[in-house]
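This report refers to the structure that appears directly beneath it.
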Amino acid sequence: MARQPQAQPSPSPVEPVTTAAGPPAFEAGGILTINLDAIHSNYRTVAGRVLPGECAAVVKADAYGCGIDQVTATLNRAGCRTFFVAHLAEARRVRAISPESTIYVLNGFSSALGPGFAETSARPVINSSVELAEWDHFVTSTGWTGGAALHVDTGMNRLGLTVEEAAAVAMRIETENHGIALLMSHLACADRPNHPLNDTQIRQFRELRSLFRGIPSSLANSSGVFLDSSTYCNLVRPGIALYGGNPIPSRPNPMRPVVELKSRILQVRIVPKGATVGYGGTWTAKRPSRIATIAIGYADGIPRAAAATEGV
Ligand SMILES: *Cc1c(COP(=O)(O)O)cnc(C)c1O
């Protein structure tokens with residue numbers, strides 16, 4: 001499949017330009033277009049909404065598959081100055097494109113990563129007491145002042161210190177220099193506005209912030225931004241909304257679509273009622289049907305599990 005990032009953001013639709021990443025358009029079975037102009041505009045939408053708070057951008061997982069280099073350059077032009085990635089390797093890519101930005105690495109810290117964080121001037125997101133101990137050791141032994149985020153779990157139950165552990169850290173923080181530059185937590189159900197966990201997490205985080213007075217804080221992912229302004233704090237961390245995903249699926253999507261996939265129709269045939277189609281004959285025509293076969297499949301990222309299953 002040809003992947004065709006548009007070179008420059010533009011107010012009008014731009015004819016896709018074939019890049020070296022794939023075959024020319026007339027040969028391609030499918031064409032995936034990433035609209036960088038829409039990413040630019042989605043960033044501006046979120047950033048405007050959370051003012052005077054700051055809007056970061058999550059560009060992990062190759063910017064959700066949209067291409068970390070092109071997306072970072074676009075967001076940089078849109079005014080984004082703080083990026084979140086999963087891995088140090090991604091932080092290096094962002095650093096090369098955005099020399100002045102603040103970069104947080106979500107996957108945490110271990111001693112072995114210390115030199116890499118220092119070279120990249122990236123900040124780890126500290127996810128446990130063990131990581132915090134290793135970070136403290138790194139900071140005191142090297143004098144590194146690059147900063148880190150402290151991630152506290154308020155209900156996601158994936159990563160982060162417990163609230164109790166964080167409270168103990170808060171007691172020490174006034175006397176010791178941890179270099180903690182950001183207090184953060186992650187919402188589990190913000191895409192469902194009526195879920196009771198939202199209020200619980202917002203309340204817990206408010207209490208935590210009062211323990212870490214003077215340290216900037218961050219709670220909202222994409223859904224949080226569209227859920228409630230009490231999640232904005234100092235910094236929001238949208239990912240999926242920048243790429244066109246609907247932050248609150250039960251409402252109309254406020255974001256511009258970013259990703260468009262087109263595929264060539266290879267053949268169209270008419271099958272009678274009762275005929276089966278495809279591997280295993282798992283789909284049966286309920287009426288005379290026109291069947292198009294397109295030139296993309298699981299090699300192009302269409303999930304195999306999306307195939308019709310027995311009995312459907
Ligand atoms: C991935 C991630 C985000 C972005 O979440 P979206 O739902 O894509 O907006 C924010 N914060 C953390 C900690 C994440 O891991």
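As the structure lists them, so they are numbered: ligands from 1, and atoms in each ligand from 1.
Contacts with ligand 1 closer than 4.0 Å are made by heavy atoms of both the backbone and the side chain of I240. If you look at L106 next to ligand 1, the close heavy atoms, those under 4.0 Å, all belong to the side chain. Looking at Y64 against ligand 1, only its side chain comes within 4.0 Å, counting heavy atoms.
The distance criterion of under 3.5 Å between nitrogen or oxygen atoms is not met by A241 with respect to ligand 1. Looking at ligand 1, you'll find an N or O of R237 within less than 3.5 Å of one of its N or O atoms. When only interatomic distances are considered, the shortest N/O to N/O separation between K60 and ligand 1 falls below 3.5 Å. Among the atoms of P238, none of the N or O lies under 3.5 angstrom from an N or O of ligand 1.
Under a cut-off of 6.0 angstrom, the local environment of CD1 in I265 is sparse, with at most 12 non-hydrogen atoms contributed by other residues, nucleotides or ligands. When the shell of 6.0 Å around CD of E27 is examined, it contains more than 12 heavy atoms from other residues, nucleotides or ligands.
Between the side chain of H87 and the main chain of A89, no donor-acceptor pair closer than 3.5 Å is present. Side-chain N or O atoms of N127 include none that pairs as donor or acceptor with a backbone N or O of H151 at under 3.5 Å.
The aromatic ring centroids of F138 and F117 lie 6.0 Å or more from each other.
The shortest side-chain heavy-atom distance between I34 and Y243 does not fall under the 4.5 Å cut-off.
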